[in-house]
K.L.:
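Just passing along the structure, written as C-alpha cells.
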Amino acid sequence: MAAGAKVVRWWRWLVAAAAALAAALGAPLPDGNDLEGPATPSYVQHVLPSFGSAVFGDPDEQIGEKVSAWSNESGVNPEELGEYAEGDILFPATARNGLATTMARWPEGVVPYKFSSQFSYRDQELLQEAFRHYHEFTCIKFVPYTNQPDYIYITSSSTGCWSSVGRVGGMQEVNLQSPGCTSTVGTPIHELMHALGFLHEQNRWERDRYVTIHWENIQQGREDNFQAATKESTDDYGVPYDYDSVMHYSANAFTKNGRPTIVPMDSNAQLGQRRGLSKGDIKKLNSMYGCKMSELPKRNSSIASFIDNISAFFG
Ligand SMILES: [Zn+2]
C-alpha cells in the first residue's frame with residue numbers, strides 16, 4: 001500500500017510495531033534478521049525492549065479465574081488483570097516461527113478472522129460490533145476467513161484477554177474469555193488494535209509530562225507494565241498524548257492497594273475508556289494503514305459524526 005520513503009516516515013511511534021514492521025519491510029536490525037526458526041530473546045528484546053522473553057509464553061488458566069471474577073465494579077479493565085507482558089500482550093510459544101520476518105501490518109488493511117465455536121450468539125454480535133466500529137472510522141477491513149495464509153483466530157479459552165502485536169504470520173490467536181472480555185465492546189476493540197500493531201498509550205516516551213505513575217501503588221512484579229518507551233523507537237503519527245485512547249490503561253491498573261497507579265496531570269481527564277476508538281486512535285490507525293479519505297465509508301447517517309470523522313482524520 002505504501003512505498004519505501006513514506007513507510008519509513010511512519011515508523012516512529014510504537015515500540016513493537018515500529019521496529020517489527022520496519023524489520024518486515026527490510027530495514028536493518030542491529031541483531032540481524034532471524035530468518036528461520038524461533039525468534040531469539042535478543043531479537044525480542046530489540047523489538048519489544050521492555051518485555052524481554054516474557055512476551056512469549058503459554059496462556060495461563062489462573063488468569064482466567066481472575067477474569068471470571070471480573071465485574072463492571074472491579075475498577076479496572078479485564079485485560080488489565082493478566083500477567084502477560086503489559087497485562088495482555090502475548091505471543092504464544094507456538095507462534096514463534098518466522099516472527100522476525102513476518103510480524104507486520106496487515107496488507108491493504110485486510111484482516112481475515114475466524115471465531116471459535118465457543119462464542120455465544122451474543123458474543124459474536126459484540127465482535128461484529130467491534131468490526132463495524134473499525135469499518136466506520138478506518139479503512140481496515142475485517143473479513144471472514146476463506147483460506148488466507150494469515151488470519152486471526154478469535155477464541156474464548158479461560159486465559160483472559162490478550163493478543164500479540166501486529167501480524168505475526170499464519171494463524172494468530174486473539175483471546176477473549178467470555179464473559180469477562182466480552183462484556184463491553186471496547187475490550188475486543190482494544191485487543192484488535194494490538195493485533196493491528198499498537199501498544200499501550202501510557203507507555204509513550206513523553207508520558208511523564210501527562211501522567212504521574214504512582215510506583216508505590218503498583219503490584220510487586222508488575223512495574224514493567226509501566227515502563228516508558230524510548231523516543232527513538234516510537235512514532236506518535238502526529239497525535240498528541242491521548243488520555244482518551246482505547247489503548248490507555250485505567251487509573252487503577254495493577255493497583256495493589258486500591259489507590260491509583262496513573263494520575264493524569266489534566267484533572268478533567270478520564271483514563272481507561274473502553275467505549276471505542278478515540279479520535280487520536282482513528283488518526284493513528286488511518287496513518288499506519290495509509291487510509292485515504294476516499295476509502296473511508298460514506299457516512300450519511302449523521303453529518304455531525306461525519307465531520308468528527310474528518311477532523312479525526314486530519315486533526
Ligand atoms: Zn492491551
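Numbering of residues begins at 1 and proceeds along the displayed sequence. Counting starts at 1 for both ligands and their atoms, in listed order. FYI, side chains are in, hydrogens and waters are out, and symmetry mates aren't considered; it's all heavy atoms of this structure.
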K.L.:
CD of Q270: more than 12 outside heavy atoms within 6.0 angstrom?
P.N.:
no
K.L.:
Determine, for E80 against R274, whether the closest basic-nitrogen to carboxylate-oxygen distance falls under 4.0 angstrom.
P.N.:
yes
K.L.:
Can you tell whether the side chains of D236 and K283 come within less than 4.0 Å, N to carboxylate O?
P.N.:
no
K.L.:
Can you count the protein N, O or S atoms that lie less than 2.8 Å from the Zn ion (ligand 1)?
P.N.:
5
K.L.:
H200 and side chain to side chain donor-acceptor pair (under 3.5 Å): which partner among R207, E86, H248?
P.N.:
E86
K.L.:
Are the side chains of M265 and V211 in contact, using a 4.5 Å heavy-atom criterion?
P.N.:
no
K.L.:
Among pairs that include at least one residue of residues 146-200, which meet disulfide (SG to SG under 2.5 Å), considering only residues two or more places apart or in two chains?
P.N.:
C161-C181
